[in-house]
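Report on the following structure.
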Protein chains: 2
Amino acid sequence: MSSADRRESILRAATAVFGAKGYAGATTDDVAKAAEVSQPYVVRLFGSKQQLFLAVLERAVARLSSGFRAAIAGPDEARADRMGRAYIELVAERGLLQVISSAFLLGGDPVIGPVARRLFSGVWQLLREEAGFGPDEARDFMANGMLINTIVGLRMMNDEGDPSADELFAVCLPESADLLISSIPGTDDDW
Amino acid sequence: MSSADRRESILRAATAVFGAKGYAGATTDDVAKAAEVSQPYVVRLFGSKQQLFLAVLERAVARLSSGFRAAIAGPDEARADRMGRAYIELVAERGLLQVISSAFLLGGDPVIGPVARRLFSGVWQLLREEAGFGPDEARDFMANGMLINTIVGLRMMNDEGDPSADELFAVCLPESADLLISSIPGTDDDW
DNA sequence: CCGTCAGGTAATCATTCGATTACAACCAGC
DNA sequence: GCTGGTTGTAATCGAATGATTACCTGACGG
């Protein structure tokens, strides 16, 4: 396999692993096993675990941004709806939203923190300037995204018949439940 | 110091440490140093790092719930405002909201996941049944909370003169900025 | 053929970390 | 004053982990 293809393959695997276990909780060997390569190769291709995570994070936000831009193009009406759907669709890519969420908790890290702030600020800018959202609209949109991240990260849908959880899920993810349920890893995956 | 006092002191220290570094990223020695005791003592008092984290998490959500209940008591009008303020005030307790956020990303963990789901579902129930929020109101309230967690976790206010970040901060945390800025740890703390 | 270079692995190293063990200091009650 | 329980610590251990080194393999040009 070419080096570029291998890089992309490892990035995809690493997204799933970092998304499931977080930055500190994931090991380079987890990533290597998921990508079906040896652990030293992962380290050598990316230099270090930290640089690998940064590459994963940048790629994840780039996918998010390009999804949003595709939704922005087109008629003004229902633009917010299209963007919401674009966000939901990203749930299908294993770990992508979770990687972003987990990076957002690493603000105190001297290396990852500044990168995460820059990316977050960039998404805000995209919403305000490219999507044309007003300040409150942008805030509400982002807030809803964070809530969706939380529900997905919690695997809330795997709960055994808790009526509160069911209502929560239905209220927060209207008419997207089917897509989500089928694409979210179970509680047992990767642990 | 009595065992009970020592337990509480360690729980407070552990909240700050787990909040700053996450479950996997924090070490029992970090907690011990923050609490000014020896590392074996931390482990012995709580049995294991995992049980310590669970104790920290339960305590954090208990504080959140009691803050909400205090805000619920009293007149119906402005109840939501009082609850929002109660949430913001919890930012002052180092790491408390971050611990909750980070637990919400551990849904895949076979031990922590179920506990986190139960606690999250409990908060939803509190909003719906005790606070009397409608489904949409409860969702919006939670979503805003998650966004606040994100902004705090990112240390967004420490950014050096990014106008997007400033706007984001102002829009998401109206009239609470002063309280927040003074009580959030800097980027350099504990890393 | 043969050198060499890209793609990849096995073996191993130094640290780190959670946990265990053994032991020390203090204090209450008899 | 000694005995037993409570509050702690120092020393240490074994496993896990990120990283490094040395090596293998096959394709491709000359």
| request: Determine the contact category for A/Ala26: base if any of its heavy atoms lies under 4.0 Å from a base atom, sugar-phosphate if only primed atoms, P, OP1 or OP2 are that close, otherwise nothing. | output: sugar-phosphate
| Looking across every strand, which nucleic acid part, if any, lies under 4.0 Å from B/Ser38 by heavy atom: base, sugar-phosphate, or nothing? | base
| Salt-bridged, B/Glu77 to B/Arg82, with N to O below 4.0 Å? | no
What's the closest nucleotide to the [X] side chain, out of [options]?
X	options	value
A/Met1	C/dT21, C/dG8, D/dT21	C/dG8
A/Arg6	D/dT9, D/dG18, C/dG8	C/dG8
B/Pro40	D/dT20, D/dA10, C/dT9	D/dA10
A/Ser48	C/dT9, D/dA19, C/dG18	D/dA19

| field | A/Tyr41 vs C/dT9: side-chain N/O to OP1/OP2 distance below 4.0 Å | value | no
| Is any side-chain N or O of B/Thr28 closer than 4.0 Å to OP1 or OP2 of C/dG18? | yes
| B/Ser121 (side chain) donor-acceptor with B/Arg117 (main chain) under 3.5 angstrom | no
| said: For A/Ile72, is there any backbone N or O sitting under 3.5 Å from a side-chain donor or acceptor partner on A/Arg79? | reply: yes
| remark: To the nearest 0.5 Å, atom CG of B/Leu64 lies from atom CZ of B/Arg59 at 12.5 Å
| Do B/Arg44 and D/dG8 share a donor-acceptor pair, side chain to base, under 3.5 Å? | yes
